[in-house]
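Some notes on the structure that comes next.
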Amino acid sequence: MMMVPHSFFLLASWIPLALGHSMVYDIWANGRRYNGWNANGDLKAYPTDTPAWFTTNAGGGPLHPSDADQPQIICAKGGSNANMSAPVAAGADVRLRWWMVDQAWPVGHHGPILSYLASCNGPCASVNVTALKFVKLEERGWLNSSTYQEGYWASDEMIANNGTWTIRIPPKLAPGEYVLRHEIIALHVAFTSTGPYSLDGAEFYPQCVSLQVEGTGTKTITGGVDARTLYKGNEPGLTLNIHTSPEHMGYIIPGPPVWTGAD
Ligand SMILES: *[C@@H]1O[C@H](CO)[C@@H](O)[C@H](O)[C@H]1NC(C)=O
Ligand SMILES: *[C@@H]1O[C@H](CO)[C@@H](O)[C@H](O)[C@H]1NC(C)=O
Ligand SMILES: *[C@@H]1O[C@H](CO)[C@@H](O)[C@H](O)[C@H]1NC(C)=O
Ligand SMILES: *[C@@H]1O[C@H](CO)[C@@H](O)[C@H](O)[C@H]1NC(C)=O
């Protein structure tokens, strides 16, 4: 990102961006790098060798709380199965990088980052997306009050790490194919009452990646839910005004508690 005055971001965060928002562009697992689905940056040619799910979400635009119970919340608009699953050892890290052509995640789009996992109960290339039952693997939200008027968030940490986010696969997870549902929720225009914000202002950016978990673990996912029930849409973590510190301090990340059943 260019160095521009802080006030630019405050101003920019009020203006709906016509630009893209970046997407999962690189995936690393077991020491290998894979393309995200927008590998060549033209949002057209879907790579043949990517574990990233295809989507029709050209430009990387958001979903909103009114989409929370709709199929597109599961694996993005037009989400359809990746043809391959990236091998990764249980207990190892998967690393994702948000990027698009020459664009990093926009600084003004502060918010939490969450990752979910569902078993495909067979090959992820042919699982019916509506059958996936997700548990939350990890989450980070508001971190502290430094740097920005809105505070320092998981999204800011991701930007500081060159757009990358690391997700640990639980060490005792049973081998098999799984869908990782990774998500940024941008809160810059989430709001509850008066003003130029809207109750439907929170922005969901889900991305799915198919994984082939390897190892000798025995724990299977329990208590997973359809992604269409993760969010109600009007919970406090989706309807606050992050531009005022009393509201963003002590932020409660939406969705179910983190699943620790294979730690
Ligand atoms: C990969 O999957 C997509 C659907 O998600 C399909 O349209 C495409 O033909 C597949 N490509 C290959 C090479 O299998
Ligand atoms: C996926 O499952 C849903 C719900 O059971 C069903 O309506 C839909 O037809 C299925 N899709 C495919 C491609 O089988
Ligand atoms: C805020 O959180 C970030 C990320 O964890 C950290 O790097 C930074 O030092 C923290 N700042 C303060 C003032 O605690
Ligand atoms: C950040 O990512 C870009 C694109 O992959 C890469 O060229 C660059 O070396 C990375 N920078 C760091 C510090 O890792």
Side-chain angles (χ1 to χ4, degrees), residues 23-24 27 29 36-37 51-55 57 62-65 67-77 79-82 85-86 88 90-98 111-122 124 127-141 154-155 158 164-174 176-187 202-213 217 219-233 235 237-238 252-263:
M23 321 185 68
V24 170
I27 300 156
W37 81 267
W53 280 45
F54 173 81
T55 94
N57 184 18
L63 300 171
H64 296 284
D67 296 298
D69 60 355
Q70 297 299 307
Q72 57 269 29
I73 201 75
I74 309 173
C75 285
K77 246 176 232 164
S80 102
N81 308 47
S85 298
V88 59
D93 291 339
V94 172
R95 208 155 57 90
L96 306 176
R97 188 169 73 105
W98 288 80
I113 299 185
L114 314 89
S115 301
Y116 297 87
L117 195 71
S119 171
C120 293
N121 294 310
C124 290
V127 72
N128 185 329
V129 64
T130 67
L132 296 170
K133 298 282 189 281
F134 290 94
V135 289
K136 194 188 263 174
L137 270 194
E138 57 99 31
E139 60 182 6
R140 303 264 287 163
S155 59
M158 177 269 283
T164 65
W165 197 254
T166 299
I167 300 135
R168 168 71 46 91
I169 302 304
K172 295 179 183 162
L173 190 65
E177 295 196 35
Y178 295 85
V179 171
L180 175 68
R181 179 183 179 280
H182 177 70
E183 179 175 55
I184 302 178
I185 304 179
L187 296 171
E203 299 185 344
F204 300 87
Y205 297 86
Q207 301 260 280
C208 287
V209 177
S210 292
L211 301 175
Q212 166 92 54
V213 174
K219 305 287 189 184
T220 53
I221 286 182
T222 50
V225 297
D226 187 320
R228 290 170 291 186
T229 68
L230 292 172
Y231 311 118
K232 290 193 299 290
E235 51 269 69
L238 296 174
I252 298 164
I253 300 171
V258 170
W259 181 73
T260 56
D263 283 1

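Counting begins at 1 with the first residue of the sequence.
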Could you give me the CA-CA distance, side-chain angles and deciding distance for Leu114 and Ile185, then say whether side-chain contact (heavy atoms from CB on, under 4.5 Å) is met?
CA-CA 8 Å; Leu114 314 89; Ile185 304 179; 3.6 Å; yes
Between Val94 and Thr166, does the side-chain contact (heavy atoms from CB on, under 4.5 Å) criterion hold? Intermediate values first, please.
CA-CA 6 Å; Val94 172; Thr166 299; over 6 Å; no
Candidates Cys75, Cys208, Pro71 - the one meeting side-chain contact (heavy atoms from CB on, under 4.5 Å) with Val129:
Cys75
So does Lys77 have more than 12 non-hydrogen atoms from other groups sitting under 6.0 Å from NZ?
no
In terms of heavy-atom contacts, Cys124 and Val179 come closest through SG-CG2, 3.9 Å
Mind running side-chain contact (heavy atoms from CB on, under 4.5 Å) on Ile253 and Lys136 for me, showing each step along the way?
CA-CA 11 Å; Ile253 300 171; Lys136 194 188 263 174; 4.1 Å; yes
To the nearest 0.5 Å, atom NZ of Lys133 lies from atom SG of Cys120 at 12.5 Å
Rounded to the nearest 0.5 Å, the CH2 atom of Trp165 sits from the CD1 atom of Ile184 at a distance of 8.5 Å
Just how far is it from atom CG of Leu137 to atom OG1 of Thr260, taken to the nearest 0.5 Å?
11.0 Å
Any side-chain to backbone donor/acceptor pair from His64 onto Ala202? Under 3.5 Å, distance only.
yes
Heavy-atom side-chain proximity of Trp98 to His182 below 4.5 angstrom
yes
What are the two closest non-hydrogen atoms of Gly122 and Glu177, and how far apart are they?
O-CB, 3.4 Å
Can you see which heavy atom on Pro112 is nearest to which on Leu187, and at what distance?
CD-CD1, 3.7 Å
Does any part of the side chain of Pro256, heavy atoms only, come nearer than 4.5 Å to the side chain of Val135, both counted from C-beta?
no
Given side chains that start at C-beta, do those of Arg181 and Ile73 come closer than 4.5 Å, heavy atoms only?
yes
Is a salt bridge present between Asp93 and Arg168, judged by a nitrogen-to-oxygen distance below 4.0 Å?
yes
Which heavy atom of Arg140 sits nearest a heavy atom of Ala154, and at what distance?
O-CB, 3.3 Å
Is Asn121 close to Val127 at the side-chain level, that is, under 4.5 Å between some pair of heavy atoms?
no
Check whether any side-chain heavy atom of Ile27 sits under 4.5 Å from a side-chain heavy atom of Arg97, and report yes or no.
no
Do you know which two heavy atoms are closest between Arg228 and Gln70, and how far apart they sit?
CG-O, 3.4 Å
Do Ser80 and Trp53 get their side chains close enough for a donor-acceptor pair, meaning under 3.5 Å?
no
Can you find a side-chain donor-acceptor pair between Trp259 and Thr222 that sits under 3.5 Å?
yes
Under 3.5 Å, is there a donor-acceptor pair linking the side chains of Gln207 and Tyr205?
no
With sequence neighbours excluded, tell me which residues meet salt bridge (charged side-chain N to carboxylate O under 4.0 Å, His left out) with Glu138.
none
Give the intermediate values and the outcome of side-chain contact (heavy atoms from CB on, under 4.5 Å) for residues Phe134 and Ile74.
CA-CA 10 Å; Phe134 290 94; Ile74 309 173; 3.8 Å; yes
Kindly give the heavy-atom pair with the smallest separation between Ser119 and Tyr178, and that separation in Å.
CA-CD2, 3.6 Å
Please report the interatomic distance CG(Leu180) to OG(Ser210), rounded to the nearest 0.5 Å.
9.0 Å
About how many Å separate CD1 of Ile167 and CG of Leu211, when rounded to the nearest 0.5 Å?
8.5 Å
Taking the inter-plane angle between the rings of Tyr116 and Tyr231 on a 0 to 90° scale, is it parallel (under 30°), tilted (30 to 60°) or perpendicular (over 60°)?
perpendicular
In Å, rounded to the nearest 0.5 Å, how long is the span from CG of Leu173 to OG1 of Thr220?
8.5 Å
